[in-house]
2 protein chains.
Amino acid sequence: MALEHAILVSLLEKPGSGYELARRFERSIGYFWTATHQQIYRVLRRMEGDGLLAVREVPQQSRPDKKEYTVATPGRRALSAWLHEPVEPESIRHELAVKIRGAAFDDPAALISEVERHRKAHDDRLRRYLTGERRDFTGPEAPRPLDVGQELQHVVLRGGIAFERMTIAWLDDVLDTLHGLSAARSGT
Amino acid sequence: MALEHAILVSLLEKPGSGYELARRFERSIGYFWTATHQQIYRVLRRMEGDGLLAVREVPQQSRPDKKEYTVATPGRRALSAWLHEPVEPESIRHELAVKIRGAAFDDPAALISEVERHRKAHDDRLRRYLTGERRDFTGPEAPRPLDVGQELQHVVLRGGIAFERMTIAWLDDVLDTLHGLSAARSGT
DNA sequence: CATACCATGTAAATAGTTACATGATTCC
DNA sequence: GGAATCATGTAACTATTTACATGGTATG
C-alpha cells in the first residue's frame, strides 16, 4: 500500500498529526498521492498498532489537543525494505479521456466547457507549483546549496510541473479537435 | 464510477464479451483506464442486472462459448447523462515519486536501477502507442478522412503519447539528479 | 453572527486487488 | 508434454469514497 509509505515519508520529513498530514496531502505530497482525512486517521491508527509509528499527545492552548505521530524504528525499516523492492510502473486513470471518447456517441461540442474547466484547474495547479518551486528551491529566499532531501523534493515537484504543462497542452489539442469537429459538422 | 462508463463507451464502439473487454483494457482503453477481468465480469453482471446492457450467448466452435454484451437504451442514456455532468479534474498517483522522496532516508543511488526499469517500461509503451497511431490514424493504411469517433480516439491516444514522452523526459531528469547526488557524496 | 480553521473520528458503501479454480484448444 | 490463448467465474481482502458527527477558537 503506497499510502502507508507516503505517510512514512511525510512523517520522516517532519512529524505531525493526522490533520497536518491531511493538509500536506492537499499540498506538497498531493502532487504524487492523495488521501482524505478519514483514510489518513484510519491508516495512522493501524500503523501505530503495527508498531510502525509512535504517538504523543500534544496539549495546545486555544486549539484542540493533537496527536503527533513520529516514525518508529520498525517503520523506518519497513520503508527501507519497500524502497529496495520493485513496484509496477503505473498506468494512468483519466476520467476526462473516457468522456472524450464517449462524446462520439453524444454531442462532442457539449464537452467544450467541461474541457475548458479542466484546463483552468490544471493551469491553477501549475501556478501553485511554480510559486512553490520559487519559494522553496529556485528563488532568492531558497537555501543554497540544497540538501539531498530538498534535491529529491525538487525533482518530484519538477515532475508535477511537467505533468501539468503536458496536460494543459493536450487539453488545448482536445479543444482544437472539438472545435474542428463542430465546424466540419455545420459544413465548412 | 468511471469503470461503468468506460465499459459503456467500449461496448458502444464495439459489442463484446468480458474477455474481449479485458483485452481492450490492456490495449486501447488501457491508456486511460485499467481493470482486471475479475472486476470486469462483476461489473458486467451488475450492469446487466440494472438493465444497462443486453447479453447474448454466442456459441463458438473450437473455443468456449461466450457472452456478448451490447449497450441497451438505458445504458446509452446513462452515458449521455454522465457526459453532461461535470467530473473532478484528476490528481495523479505515482508510487515511484513516493519512492524518490523516500530515498532521502535511504541510499538514493540504490534507486537508479528501479528508475531505469520504469523508464524502459514507459519507452515500450510509447513505442506501442506510436505503432498503433500509424496503423489506425496517420499511416497509409488508415482510413481518410477519419470519422468523429476516430478523431476522438486519436486525440485521446495523442494524450497517452504526450504522457509517456513527458514521463520519459522526467525520469531522465530524475536519473541525472540521482547521479549528481552520488557524485557529490563521494566528493566531486 | 457567520464562516473558516483546527482536530478527530464512525459507519456504510463502493471499488479494486490478489489468490484460487476450471477446462478446452492450439502451437512449439 | 508444456505453455499460451480463449473464456468465465468465486472468495477474501484491502483501499477508497461519501455521508454523518462533534465542538472549540479566531476572524471579518
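Letters A, B, ... mirror the listed sequences (proteins, then strands); counts begin at 1. Atom set for the values below is all heavy atoms of this structure, side chains included, hydrogens, waters and symmetry mates excluded.
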Self-check item: Side-chain N,O (Q38(A)) to OP1/OP2 (dT10(C)) below 4.0 Å
Solution: no

Practice problem: Rounded to the nearest angstrom, tell me the gap between atom CZ in R42(B) and atom C1' in dA19(C). | Solution: 13 Å

Report all interatomic pairs (protein N or O, nucleotide N or O of nucleotides 26-28 of chain C) with separations under 3.5 Å.
from: dT26(C); atom 1: OP1; to: S62(B); atom 2: OG; distance (Å): 3.4

Quiz item: Just how far, in rounded Å, is P of dG9(C) from CD of E48(A)?
Solution: 10 Å

Practice problem: Check whether any side-chain N or O of Y19(B) sits under 4.0 Å from OP1 or OP2 of dC6(D), and answer yes or no. | Solution: yes

Practice problem: Considering just the side-chain nitrogens and oxygens of Y41(B), establish if one lies under 4.0 Å of OP1 or OP2 belonging to dG9(D). | Solution: no

Practice problem: Could you check which of dG23(C), dA15(D), dG16(C) has an atom nearest any side-chain atom of P64(B)? | Solution: dG23(C)

Quiz item: Of S17(A) and T36(B), whose closest DNA chain C nucleotide lies nearer the 5' terminus?
Solution: S17(A)

Quiz item: Looking at R63(A), does any N or O in its side chain come under 4.0 Å of the phosphate oxygens OP1/OP2 on dA26(D)?
Solution: no

Self-check item: Distance below 4.0 Å between R46(B) side-chain N/O and dA15(C) OP1 or OP2
Solution: yes

Quiz item: E20(B) and salt bridge (Lys or Arg N to Asp or Glu O under 4.0 Å): which partner among K66(B), K67(B), K14(B)?
Solution: K66(B)

Quiz item: Where each residue is assigned the nucleotide of DNA chain C containing its nearest heavy atom, which of E68(A) and Q39(B) is assigned the position nearer the 5′ end?
Solution: E68(A)

Practice problem: Rounded to the nearest angstrom, tell me the gap between atom CD1 in I40(B) and atom C1' in dA15(C). | Solution: 13 Å

Quiz item: Are OP1 or OP2 of dA15(C) and a side-chain N or O of R93(A) less than 4.0 angstrom apart?
Solution: no

